[in-house]
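The structure appears below as structure tokens.
Chain letters run A, B, ... following the sequence lines, proteins first and then strands; every chain starts at 1.
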Number of protein chains: 2
Amino acid sequence: MAGAGHGARGRSGGRPTLEEVAARAGVGRGTVSRVINGSPRVSDATRAAVEAAVAELGYVPNTAARALAANRTNAIALVVPEPETRFFAEPYFSDMLRGVGAGLSDTEMQLLLTFAGSDRKRQRLAQYLAAHRVDGVLLVSVHADDPLPEMLDQLEIPAVISGPRSAGETLTSVDSDNYGGARSAVEHLMARGRRTIAHITGHLDVYGAQRRVDGYRDALRDAGREDDELLVAEGDFTEEGGRRAMARLLAHRPDLDAVFAASDVTAAGARQVLREAGRRIPDDVSLVGYDDSAIARHMDPPLTSVRQPIEEMGRAMIDLLLTEIADRRPAASRGLERRQAVLPTELVVRASS
Amino acid sequence: MAGAGHGARGRSGGRPTLEEVAARAGVGRGTVSRVINGSPRVSDATRAAVEAAVAELGYVPNTAARALAANRTNAIALVVPEPETRFFAEPYFSDMLRGVGAGLSDTEMQLLLTFAGSDRKRQRLAQYLAAHRVDGVLLVSVHADDPLPEMLDQLEIPAVISGPRSAGETLTSVDSDNYGGARSAVEHLMARGRRTIAHITGHLDVYGAQRRVDGYRDALRDAGREDDELLVAEGDFTEEGGRRAMARLLAHRPDLDAVFAASDVTAAGARQVLREAGRRIPDDVSLVGYDDSAIARHMDPPLTSVRQPIEEMGRAMIDLLLTEIADRRPAASRGLERRQAVLPTELVVRASS
DNA sequence: AGGTACTGTGGGAGCGCTCCCACAGGTGAT
DNA sequence: ATCACCTGTGGGAGCGCTCCCACAGTACCT
């Protein structure tokens, strides 16, 4: 309330304004604003006086006023275009969120968590974006046909996507080396003396899943191995998908002696089917997963897995997004300087291979 | 979608304002505001006209202006007073976040995710709160000596805590029935014919962990069983803590034939030590965990566990918080009507018991 | 001397809303 | 006729900032 709460102006609870700080420091409103925002055009003496006043009064800028006047929000949204369930089922997201949080902790930016799993939520999200409630958007796990990136582009809202949708992704993107990670997994299995290496893919409308297939294929081909279609079964990153794919693989190629799964969760499903079929891990069949999640460590036997530096990816996304926001230009310079970051993966060898 | 389609109106990128909608509808600014905010004091005809204008122009209220004028933010913060790492290590948080997201999806409220794991982050958090950047706060996983609740109280910011800090918690709280959950676990073990039932506790400065000990004790006592101090070992919810506690229990009471652990992760640690000691699960020792997390399902053998309705707890927290925000009063009526929600638990029986 | 170009500073003019007062026009009781 | 008291409406007065223009002061040229 405007005039209501003037009684409590004493210590805590009283929220000083710029004007009050200015009065206290004996300067003008503009000068305080300059100090607060780190403008260099302030003399050292004045700056010191203002900073003292700020400290004395415990001044904290009002975000809403700032956002209104400056037409920016100091907030970014992490948009998850899936139902909440999926988001948390895969540790991938948590790790990413962690990196994002870390990257943000040095800034004034606030993180908004937004789910766009249902149509209603999409609707609302569209409104938020239209209202320019955030300065930028982080997109994770976007499927190939999602209209969201298009929309962001039209609204000219800076955005960074994790996992490009295709080789020609137009948005700034951050990715891990899916291709190289898959290669290293397959090469590891070959080095272990495995002859017949199968692959359970991820959802193939996810570009990263395709790249893993490429890495798997190329690793085999470069080693002069057979590249049998029957050794590749399509999964969808889920446990159930892993089970189904594994069952198909065993039916078609009962002689397989290694499986490279596109996620740890998928590997868990595969493991179960292998067990039920009487195959021992790693004695009869080597198993390698992807993500190096907690599940990999807790599996019996512990699962060899390809670690993605997901946390660093989160950090990288923030860095790129902040850059985009900082030099937000009249959209003229777009497309020319598409930014991209690809971070390396690492094979973590455990007992399953 | 909402705003994007109507692109070519007036200045490019210029979002329509209340005033423009008013002009279009042939009414005053105040009337439009009333319609937008669902005030009943508008005639049906006027309301219809305004709504038409809003639709035509693709009007979306400016959040910052609204927040500034109304002195509220339409945002709430989920504050995690721990390092990000801990937050994501336990599925507990993810589930809760899911419930919170679900509870929020029917409202205009935005969710801010805030970590307060380091001192610097605490500092910043304090600033946010002081700046009244959010209308309310959700606190999860607060330890007994945390100053945060106190601060929120002083700032008169509505807050709901998950897991009260003590029996006399002053904040509105949501909890699951820790006592009942523990009882049902122990009663289940007794029904299975187990005679010597040990308990590995959680961090005892967490009230819920204490309540589980109470439930364990009372279940035994009510059944006329011995209540041996040597059967209770203090843990801290972690795997490593579970290992250490289990080792101690085996040393003191090698005759134990059942263990009730205060978390699944703890149970995982206990399981490892039991294995190494040559005890078979469940043949020699029954094992029951708490949380019914993914780990429980993936353990070998699958772990019997007490399920908390964490997602519903998240929902409940939101409901309570929104209520508090809605009837935010001059703090006079505080303490009198302490709200509390306690949700039931459920024992999920698997092969480990 | 005046001219030019800085640096540092004060403060007016909004940003787009909500709040609230004023007031028109209707109703019913006096 | 007066009064009281509704309902619905318009619009002024801010909310606390940022932006930007004006301008004093200083410095270094012609």
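- Which of dC17(C), dC15(C), dC17(D) sits closest to the side chain of Leu68(A) comes down to dC15(C).
- For Gln340(A), the side-chain contact (heavy atoms from CB on, under 4.5 Å) partners are Ser173(A), Arg338(A), not counting sequence neighbours.
- In this entry the distance linking CG of Leu18(B) with P of dC17(C) reads 4 Å, nearest Å.
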Between N or O atoms, less than 3.5 Å apart, protein on one side and nucleotides 23-27 of chain C on the other: list the pairs.
none

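- Rounding to the nearest 0.5 Å gives a distance of 8.5 Å between CG of Leu139(B) and CZ of Arg165(B).
- In this structure, the side-chain hydrogen bond (donor to acceptor under 3.5 Å, both in side chains) partners of Ser43(A), at least two apart in sequence or on a different chain, are Thr46(A).
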> What does nucleotides 8-14 of chain C look like as a protein-contact string, B for base, S for sugar-phosphate only, - for none, at under 4.0 angstrom between heavy atoms?
Replying inline: SBBBBBB
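- Among the nucleotides dC17(C), dT18(D), dG16(D), the one closest to the side chain of Asn37(A) is dT18(D).
- Taking the side-chain hydrogen bond (donor to acceptor under 3.5 Å, both in side chains) definition, one finds that Asp175(A) meets it with Asn178(A), sequence neighbours left out.
- Dashed line: the shortest gap from a side-chain N or O of Ser33(B) to OP1 or OP2 of dT18(C) is under 4.0 Å.
- Listed by chain and residue number, Val21(A), Arg24(A), Ala25(A) satisfy the side-chain contact (heavy atoms from CB on, under 4.5 Å) test with Ala53(A) (two or more places apart in sequence, or in another chain).
- For the pair Arg133(B) CZ and dG16(D) P, the computed distance is 16 Å after rounding to whole Å.
- When the local axes at the two ends of the helix from dA1(C)-dT30(D) to dT30(C)-dA1(D) are compared, using 5 base pairs at each end, they differ in direction by 50° after rounding to 10°.
- The CZ-P distance, from Arg66(A) to dC19(D), rounds to 10 Å in whole Å.
- Atom CD in Glu19(B) sits roughly 13 Å away from atom C1' in dT18(C) (whole-Å rounding).
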Can you give me every donor-acceptor pair (side chain of residues 312-322 of chain B, partner residue at least two apart or in another chain, under 3.5 Å) with its distance?
none

Please tabulate, one pair per line, all N/O donor-acceptor pairs under 3.5 Å involving side-chain atoms of residues 108-115 of chain B, not counting sequence neighbours.
| from | atom 1 | to | atom 2 | distance (Å) |
| --- | --- | --- | --- | --- |
| Gln110(B) | NE2 | Tyr128(A) | OH | 3.1 |

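- Between the C1' atom of dT18(C) and the CD1 atom of Ile36(B) lies a distance of 12 Å, rounded to the nearest Å.
- A search for side-chain contact (heavy atoms from CB on, under 4.5 Å) contacts involving Ala67(A) returns Ala64(B), not counting sequence neighbours.
- The nearest whole Å value for the distance from the CG atom in Asn71(A) to the P atom in dC19(D) is 10 Å.
- Each salt bridge (Lys or Arg N to Asp or Glu O under 4.0 Å) pair with one or both residues in residues 28-44 of chain A, not counting sequence neighbours, appears once here: Glu19(A)-Arg29(A).
- In this structure, Arg72(A) atom CZ and dC19(D) atom P are separated by 6 Å, rounded to whole Å.
- Rounded to a whole Å, the CG atom of Asn62(A) is 8 Å from the C1' atom of dC15(D).
- With sequence neighbours left out, Arg66(A) forms a side-chain hydrogen bond (donor to acceptor under 3.5 Å, both in side chains) with Asn37(A).
- In this structure, the side chains of Leu343(A) and Ile310(A) stay at 4.5 Å or more apart for every pair of heavy atoms.
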